[in-house]
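In what follows, a structure is listed as structure tokens, so that the remarks can point back to it.
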Amino acid sequence: MKLSKSSFSFATYFFLLLMVVFMTTLSTLLVINSFDDWEYRNFFCDETIRNSKESRLVSGIVSSENTADPESGFVIYNVEYQSRRNHWNLYQVSVGNFFLILEDQKHISVYNESGISNHNFENKERTFQKRKQPSEPSLRMIGVKPGDTVTVVYDKTQSLSNEIGISASAVYAGSTIDLCHEETSNALTALGGAFAFGFIAIGLTYVFWKESLHLLKKYKKKK
């Protein structure tokens, strides 16, 4: 009886195995990422969970009393440079005090030395392209202007009633509700991607297993 040829070559088997490993790894990383995003989501959405942490947060409007950057008009910002691969990487952050107006119209002073941690404003109004010389890398500024809403994270040992103000461990663009929605979306998107790549990995594993059995039977018959 004539043996049927295996539909796959050894190179195809090896490539298929690599794809299974790659898809499984990618799915696992997305699951881990979704858990991290869900942690942030809980922090911004659930006050009970937030109260059990070492940090507190407060949202407010960036006051017009702040001294803004003369070029961009930003009060809090990140400066990024463009790499040769056209990726934008962090170059510099804004450092210093700024004034925040809370819901009760109270003004507080915030000291910040970490720029803006979550820039949701990648648009023309919140992105400023700096002029450059031909020999210099491209630079852009992303930040918030007076009138924008930001959320400040600070240590719970500090008080908003302190006349000196508070020291921020992070400043996020947007309100707590905005950040809650964004982190929820990020977590669900990552989890959806994990399931998608997981199903692909399962399908490829099935094909690899089926063809491996076929190849094993072929060699047993040859013996």
Side-chain angles (χ1 to χ4, degrees), residues 30-69 72-80 88-90 92-129 140-156 158-160 165-194:
L30 284 172
V31 168
I32 295 172
N33 188 60
S34 70
F35 285 142
D36 289 339
D37 287 334
W38 200 256
E39 284 281 335
Y40 281 107
R41 181 261 173 205
N42 288 338
F43 180 70
F44 291 119
C45 300
D46 195 325
E47 188 174 354
T48 304
I49 293 177
R50 189 160 61 240
N51 289 336
S52 66
K53 303 290 184 181
E54 295 298 317
S55 298
R56 296 287 182 267
L57 56 82
V58 61
S59 293
I61 298 173
V62 179
S63 173
S64 58
E65 297 176 9
N66 292 293
T67 303
D69 177 77
S72 63
F74 296 147
V75 175
I76 316 160
Y77 55 84
N78 292 343
V79 181
E80 299 177 339
W88 289 98
N89 304 300
L90 184 63
Q92 182 185 0
V93 297
S94 55
V95 177
N97 285 67
F98 66 92
F99 294 101
L100 200 63
I101 305 174
L102 306 185
E103 289 184 358
D104 58 2
Q105 298 304 308
K106 179 182 178 181
H107 285 61
I108 62 168
S109 175
V110 180
Y111 180 75
N112 174 56
E113 54 182 17
S114 61
I116 187 161
S117 299
N118 189 1
H119 40 77
N120 306 328
F121 299 123
E122 289 201 41
N123 55 49
K124 291 182 179 179
E125 293 183 2
R126 297 299 177 267
T127 304
F128 178 78
Q129 198 80 26
R140 70 176 184 180
M141 299 174 69
I142 296 178
V144 292
K145 298 180 177 181
D148 289 335
T149 300
V150 296
T151 298
V152 174
V153 180
Y154 62 97
D155 190 271
K156 70 177 183 180
Q158 302 180 80
S159 173
L160 296 178
I166 59 174
S167 177
S169 56
V171 179
Y172 292 86
S175 66
T176 52
I177 296 176
D178 295 331
L179 295 166
C180 173
H181 291 164
E182 181 177 350
E183 293 301 338
T184 302
S185 176
N186 289 343
L188 294 177
T189 300
L191 194 59

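Note that the structure is predicted; figures quoted are calculated from it, not measured.
Separation of atoms OG1 (T67) and CZ (F99) is listed at 8.5 Å; rounding is to 0.5 Å. Taking OG1 from T149 and CD1 from I177, the interatomic distance works out to 10.5 Å, rounded to the nearest 0.5 Å. Going from atom OG of S34 over to atom CD of E39 covers 11.0 Å, rounded to the nearest 0.5 Å. Taken from CD1 in I101 to CD in E65, the straight-line distance is 7.0 Å, to the nearest 0.5 Å. Put simply, NZ on K156 and CD on E54 are 4.5 Å apart, with the number rounded to the nearest 0.5 Å. We find the OG-NZ distance between S64 and K145 to be 14.5 Å, quoted to the nearest 0.5 Å.
E80 places no side-chain N or O within donor-acceptor distance of the main-chain N or O of I142, the cut-off being under 3.5 Å. N78 places a side-chain N or O within 3.5 Å of a backbone atom of I116 that can act as its donor or acceptor partner. For S94 (side chain) and Y77 (main-chain N/O), a donor-acceptor pair under 3.5 Å exists by modelled atom type. Remark: side-chain polar atoms of N33 are not paired, donor with acceptor, to backbone N or O of L30 under 3.5 angstrom. For the pair S185 (side chain) and H181 (backbone), a donor-acceptor distance under 3.5 Å is absent. For N42 (side chain) and C45 (main-chain N/O), no donor-acceptor pair under 3.5 Å exists by modelled atom type. Not a single donor-acceptor pair under 3.5 Å links the side chain of N66 to the backbone N or O of A68.
Counting heavy atoms from C-beta outward, I108 and L102 have side chains that approach closer than 4.5 Å. The side-chain heavy atoms of S114 and V93, taken from C-beta on, include no pair separated by under 4.5 Å. For the pair V152 and F98, the minimum side-chain heavy-atom distance is below 4.5 Å. Two residues are said to be in side-chain contact when any heavy atoms from C-beta on lie closer than 4.5 Å; S169 and D155 fail this criterion. Using a 4.5 Å heavy-atom cutoff, the side chains of D148 and R126 are in contact.
When the options Y154, F43, Y40, F44 are evaluated for a ring pair (Phe, Tyr, Trp, His ring centres under 6.0 Å) with Y172, the one that passes is F44.
In terms of heavy-atom proximity, G73 sits nearest to P146 at O-CD, 3.7 Å. Residues G174 and T151 approach most closely at O-OG1, 2.7 Å, considering heavy atoms. Looking at every heavy atom in both residues, C180 comes nearest to R41 through O-CG, 4.1 Å. The minimum heavy-atom distance between S167 and Q158, with the atom names listed, is N-OE1, 2.7 Å. Closest approach of S109 and N97 over heavy atoms only: OG-ND2, 3.0 Å. The minimum heavy-atom distance between D37 and A190, with the atom names listed, is OD2-CB, 4.4 Å.
When the shell of 6.0 Å around NZ of K53 is examined, it contains 12 or fewer heavy atoms from other residues, nucleotides or ligands. Other residues, nucleotides and ligands contribute more than 12 heavy atoms inside 6.0 Å of the OH atom of Y111. Residue I49 places its CD1 atom among more than 12 non-hydrogen atoms of other residues, nucleotides or ligands, all under 6.0 Å distant.
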*Begin with the C-alpha distance, continue with both residues' side-chain angles, and end with the deciding distance and a verdict on side chain to side chain donor-acceptor pair (under 3.5 Å) for N186 and T189.*
CA-CA 5 Å; N186 289 343; T189 300; 5.6 Å; no
